[in-house]
Amino acid sequence: MAYCGSFALALSPQDMLSCAVVLSDLLVTERPSLIRRLTRLLGSEVAAEDVTQSLFFKLQRVDNPAAIQNKSAFLNRLATNLATDWLRAQKRRDGLFTAIDTAPDVPCDLPIAERQLLDREQLRILLESVDDLTPRCREVFLLRKVEELPVNEIASRLGISRSMVARHMDNALRHLFARVGSVGE
C-alpha cells in the first residue's frame, strides 16, 4: 500500500515504477531550465547540479503522480524546497567554519631549520672547545661566563692574581673564537 498525502492508495509495484518513470521523464525534459533557475537561486552551478540530483532521488519516492494535477509546478516546488534546504545547510556549515578563521600572517619567532642546525653545530663545537681548554683556564672561563662571578672573587677563590684571571680569560676567548669563528665562515 502506498501513501499520497494522508490518503492510502493501493498501488502495485508496477504502478509505483511507472510513477517514478513519469516524473523522471519530466525531470529530464525540464532539467536545463531547472539548472538555470537553481543556479540563480544558489549562486553556483555545481550546487544546482547537486540539488537536481537530490530532486531525482526524491521523485523516485513519489507514490502517486496521478494525484499531482500540475506535474511541472510540483517539480519546480520540490526543486525550490530542496534549494532552500541546501542554502540552510550551507549557512550552518559556513557558521561552523567562520568561527575557525585563518590565523593572521604573523611571522614565526623561531629560527628556520637551517639556522637551527647551524646553531646546534656551533654549540657542539663551542662545548668541545671548552673541554679542550687547560683545567685552570676552563675553570676561570666557566666561573666568569657561566656563574658570572666578578674577577676579584675568582682570583680569591682560586688563589691567583687578578691579572692571571685576565690572562686565562684572554687565552680561553682566543681559543674559542678561533674554533667557533672558523665554523661560521
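The structure displayed is predicted, hence computed values, not measured ones. Computation of the quantities below employed the complete heavy-atom set of this structure, encompassing side-chain atoms and omitting hydrogens, waters and symmetry-equivalent molecules.
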Verify same cluster id: I35, V51 (apolar side-chain graph, 4.5 Å) | no
Minimum heavy-atom distance A79-L38, with the two atoms named = O-CD2, 3.7 Å
Among the clusters formed by ILVMFWY side chains lying less than 4.5 Å apart, do L117 and I125 turn up in the same one?
-> no
Spacing of CD belonging to E30 relative to NZ belonging to K71, to within rounding of 0.5 Å | 13.0 Å
Side chain to side chain contact (heavy atoms under 4.5 Å, CB included) between I160 and R136: does it pass, once the steps are laid out?
-> CA-CA 10 Å; I160 57 175; R136 179 57 62 121; 3.3 Å; yes
Mind jotting down which residue pairs meet the side-chain hydrogen bond (donor to acceptor under 3.5 Å, both in side chains) criterion with at least one end in residues 123-133? Sequence neighbours excluded, please.
-> E121-R124, R124-E128, D132-R179
For Q90, look at atom CD and say whether over 12 heavy atoms of other residues, nucleotides or ligands are found less than 6.0 Å away.
-> yes
According to a 4.5 Å side-chain heavy-atom criterion applied to Ile, Leu, Val, Met, Phe, Trp and Tyr, with indirect links allowed, do F57 and L78 form part of one hydrophobic cluster?
-> yes
Does the pair R144 and V151 meet the rule for a side chain to side chain contact (heavy atoms under 4.5 Å, CB included), with working shown?
-> CA-CA 7 Å; R144 181 74 179 120; V151 174; 4.0 Å; yes
Which atom names give the shortest non-hydrogen contact between A48 and T39, and what distance separates them?
-> CB-OG1, 3.4 Å
Identify the two heavy atoms, one from S72 and one from L26, that lie closest to each other, and give their separation to 0.1 Å.
-> N-CD2, 3.7 Å
Charged N-O contact under 4.0 Å between R31 and E49 | yes
Going through the checks in order, is the side chain to side chain contact (heavy atoms under 4.5 Å, CB included) test met by R37 and T80?
-> CA-CA 9 Å; R37 192 164 142 275; T80 301; 2.4 Å; yes
Heavy-atom closest contact (V140 atom, I154 atom, distance) = O-CD1, 4.3 Å
To the nearest 0.5 angstrom, please state how far the CG atom of L176 sits from the NZ atom of K145.
-> 10.5 Å
Considering all heavy atoms, the nearest L41-A83 contact = CD1-CB, 4.4 Å
Close side-chain approach of T84 and R88, heavy atoms under 4.5 Å = yes
Dump the intermediate steps for side chain to side chain contact (heavy atoms under 4.5 Å, CB included) on L27 and L34, then the final yes or no.
-> CA-CA 8 Å; L27 176 61; L34 272 173; 3.5 Å; yes
How far does CG of N81 sit from NZ of K58, to the nearest 0.5 angstrom?
-> 9.0 Å
Determine whether V180 and V146 fall in the same hydrophobic cluster, where Ile, Leu, Val, Met, Phe, Trp and Tyr are linked whenever their side-chain heavy atoms lie under 4.5 Å apart.
-> yes
Results of salt bridge (Lys or Arg N to Asp or Glu O under 4.0 Å) for R138 - residues two or more places apart only | none
What side-chain hydrogen bond (donor to acceptor under 3.5 Å, both in side chains) pairs are there with at least one residue in residues 154-174, not counting sequence neighbours?
-> N152-R162, S161-S163, D170-R174
Would you check if L75 and L59 make a side-chain contact, meaning some heavy-atom pair closer than 4.5 Å?
-> yes
Rounding to 0.5 Å, atoms CD (E153) and CD (E147) come to a distance of 9.0 Å
E114 atom CD, over 12 foreign heavy atoms within 6.0 Å = no
State yes or no: do V46 and W86 share one hydrophobic cluster built from I, L, V, M, F, W and Y residues joined by side-chain heavy-atom distances below 4.5 Å, directly or via other members?
-> no
Could you pull out the closest heavy-atom pair between L82 and S54, with the gap in Å?
-> CD1-C, 3.9 Å
So how far is it from R40 CZ to E45 CD, rounded to the nearest 0.5 Å?
-> 12.5 Å
Side chains of H175 and L133: closer than 4.5 Å at any heavy-atom pair?
-> yes
